[in-house]
Amino acid sequence: MGSAVAVVTDSTSYLPPGLAERHELTVVPLQIAIGGTVRDEGDITPAEAAQALKEWHPVTTSRPSPERFAHAFKACAGAGANSIVSVHLSAAMSGTVEAARLAAEDAPVPVRVIDSGTIGLGLGLTALSAAAAALGGADTDEVVTVALRRAELSRSLFYVDTLEHLRRGGRIGAAATLLGSALMVKPLLNIVGGKIEPLEKVRTSSRALSRLEELAVEAAGEHHVVDLGVQHVSAAPRAEALAARLRERIPNVEDVYVGEAGPVIGAHVGPGMIGVVVAPQLG
C-alpha cells in the first residue's frame, strides 16, 4: 500500500475497470437477489439483471454485512494503513453507511465513514478524489475534506423510462408526485440531500434526453474544470451519443467516464435509465 490512509468504497461507485485498483481503492460489494439467489453485485452482469427486470422477475438488493466491512478494514490495516476513510452511497438509499459504521467501531485502526449523499459515478468520483489525495500524502482529515467537498459540489441528473421500478423498490421519495401522470411523461430526476427528487416532466424520451443534456451543460458552466460521468442501464448507444455531445459542448470538461450502471442501481431504475454526473474538480 502506497498511502498511510486507505480509502474504501462500495460497489455502487461503478468506476471503470482498473481505475479503483490503480488508485488502491478497496471496493466492498452490495448484494443482489434474483429469483431468490443472492450473489455479490460483481458476480452478476448488468445484462442478467436487466433481463430479469424486463421480464418483471423479483430483483432485490441488500447492503454489505458489517462483517464484510470488518474484513476489508482489517485487510487495509494489515497492508500498512494507519487510518481508513470509507466513502459510500447515500444513507437515505441504503444501510451501507450504517454497516460500515458498525464495523468501524471494532476496526484495528481509526475509520472515518463518509455518507456521499449520492450513488453511481457521483460516489465513484468522490471516492476517486479521496484516494488520489491519500496517495498524494494527505492526512486523514484532508482526505475526508476532499471527499465531502467533491460530493457537495457534484450534481447527479438522470432520466428513467418508467418510475415503476423506483416505486417497487421504495426509493422514489418525492418523485412519487409524478406517479399519477407517469404514463404521460418521461421524468427527469436528480439527487438532493441524498434522496431522489423530481426535476422536470417531459413528454417524450427524445425531449427528455435533450433536456438532460442542456441541464448538464448548464451545471458544468458554473465551474472552472469538471469531470463527467455518463451511465446507463441497457442503453449504451444513447449514453455514448450523449457523452460525445457533452464532450463537444462543454469546453471545461477534463475526463468523461461512460459505462453501464451495475445491477444494484439497475434494479431500482430499470432498463433505459440514462444518468449524468457533473463533478467539478477541486482547485
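- Between Met273 and Asp161 the shortest side-chain heavy-atom distance does not fall below 4.5 Å.
- A continuous path of hydrophobic side-chain contacts links Val144 to Leu123 [ILVMFWY only; heavy atoms under 4.5 Å].
- Atom CG of Leu89 and atom CG of Leu30 lie 6.0 Å apart (nearest 0.5 Å).
- Among all heavy-atom pairs drawn from Ala130 and Val146, the shortest one is N-CG1, 4.1 Å.
- With Glu260 contributing its side chain and Gln231 its backbone, the two residues share no donor-acceptor pair below 3.5 Å.
- The OG1 atom of Thr12 sits 7.0 Å away from atom CD of Glu41, with the distance rounded to the nearest 0.5 Å.
- Considering only heavy atoms from C-beta on, His224 stays 4.5 Å or farther from Asn252 through its side chain.
- Taking the side chain as every heavy atom from C-beta outward, Leu19 and Tyr257 approach each other to under 4.5 Å.
- Side chains of His88 and Ser116: no donor on one and acceptor on the other come within 3.5 Å.
- With a 4.5 Å cut-off on side-chain heavy atoms, Ile250 and Val226 count as touching.
- Nearest heavy atom pair, residue Asp139 against residue Val5, reads C-CG2, 4.0 Å.
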- Item | Full working for side chain to side chain contact (heavy atoms under 4.5 Å, CB included) between Ile191 and Ser90 | CA-CA 10 Å; Ile191 298 176; Ser90 170; 5.8 Å; no

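- Between the side chain of Asn190 and the main chain of Leu199, no donor-acceptor pair closer than 3.5 Å is present.
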- Item | side chain to side chain contact (heavy atoms under 4.5 Å, CB included) between Ile32 and Ile44, worked out | CA-CA 8 Å; Ile32 184 164; Ile44 297 176; 2.9 Å; yes

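- Under a 3.5 Å cut-off, the side chain of Ser129 and the backbone N or O of Ala147 do not form any donor-acceptor pair.
- Glu48 places a side-chain N or O within donor-acceptor distance of the main-chain N or O of Thr45, the cut-off being under 3.5 Å.
- Of the inter-residue distances, the one linking Phe69 atom CZ with Asp106 atom CG reads 15.0 Å to the nearest 0.5 angstrom.
- Residues Leu128 and Leu148 are members of one and the same hydrophobic cluster, defined by side-chain heavy-atom contacts under 4.5 angstrom among Ile, Leu, Val, Met, Phe, Trp and Tyr.
- Glu254 has no carboxylate O lying under 4.0 Å from a charged side-chain N of Arg247, or vice versa, which leaves the two without a salt bridge.
- Transitive grouping of hydrophobic side chains (ILVMFWY, heavy atoms separated by less than 4.5 Å) brings Val253 and Val230 into a common cluster.
- With hydrophobic clusters built from ILVMFWY side chains whose heavy atoms lie under 4.5 angstrom apart, Leu157 shares a cluster with Leu209.
- Looking at heavy atoms from C-beta onward, Leu188 lies in side-chain contact with Leu215 at the 4.5 angstrom threshold.
- Taken together through direct or relayed side-chain contacts under 4.5 Å among Ile, Leu, Val, Met, Phe, Trp and Tyr, Phe73 and Val109 form part of one hydrophobic cluster.
- Judged by distance alone, the side chains of Arg63 and Ser94 never bring a donor and an acceptor atom under 3.5 Å apart.
- Classification of Asp141 and Arg112 as a salt-bridged pair holds, one side-chain N sitting under 4.0 Å from a carboxylate O.
- A salt bridge is defined here as a Lys NZ or Arg NE, NH1 or NH2 lying under 4.0 Å from an Asp or Glu carboxylate O, and Arg101 with Glu98 fails to meet this definition.
- Contact check for Glu213 versus Leu242: side-chain heavy atoms found under the 4.5 Å cut-off.
- Looking at Arg211 and Glu218, a side-chain N of the basic residue comes within less than 4.0 Å of a carboxylate O on the acidic one, giving a salt bridge.
- The two atoms that bring Val192 and Glu197 nearest to each other are CB-CG, 3.7 Å, heavy atoms only.
- Here the CZ atom belonging to Arg150 is positioned 12.0 Å from the OG1 atom belonging to Thr118, to the nearest 0.5 angstrom.
- Asp10 and Arg68 are not joined by a salt bridge, as no carboxylate oxygen comes within less than 4.0 angstrom of a charged side-chain nitrogen.
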- Item | Worked check of side chain to side chain contact (heavy atoms under 4.5 Å, CB included) between Phe158 and Val269 | CA-CA 10 Å; Phe158 61 106; Val269 296; 4.3 Å; yes

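- Of all heavy-atom pairs spanning Ala92 and Gly194, the tightest one is CB-O, 3.5 Å.
- A donor-acceptor pair shorter than 3.5 Å cannot be found between the side chains of Glu200 and Tyr159.
- The side-chain heavy atoms of Pro187 and Pro198, taken from C-beta on, include no pair separated by under 4.5 Å.
- Not a single donor-acceptor pair under 3.5 Å links the side chain of Thr140 to the backbone N or O of Ser83.
- Of the inter-residue distances, the one linking Thr145 atom OG1 with Glu152 atom CD reads 11.0 Å to the nearest 0.5 angstrom.
- Contact record, Ser156 with Gly122: OG-CA, 4.3 Å, taken as the closest heavy-atom pair.
- At least one donor-acceptor pair under 3.5 Å links the side chain of Asp115 to the backbone N or O of Gly117.
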- I would like to know whether Lys186 and Lys201 meet side chain to side chain contact (heavy atoms under 4.5 Å, CB included); could you show each step before the answer? CA-CA 6 Å; Lys186 294 296 184 181; Lys201 295 184 289 185; over 6 Å; no

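- Enclosure of atom CZ in Arg249 by more than 12 non-hydrogen atoms of other residues, nucleotides or ligands within 6.0 angstrom is indicated.
- Atom NE2 of His268 is separated from atom OG1 of Thr60 by 8.0 Å, given to the nearest 0.5 angstrom.
- Between Cys76 and Val8, the shortest heavy-atom contact is SG-CG2, 3.9 Å.
- For the pair Glu67 and Lys74, the salt-bridge criterion is not met [side-chain N within less than 4.0 Å of a carboxylate O].
- Inter-residue side-chain proximity for Lys195 and Met93 is flagged as unmet; no heavy-atom pair is nearer than 4.5 Å.
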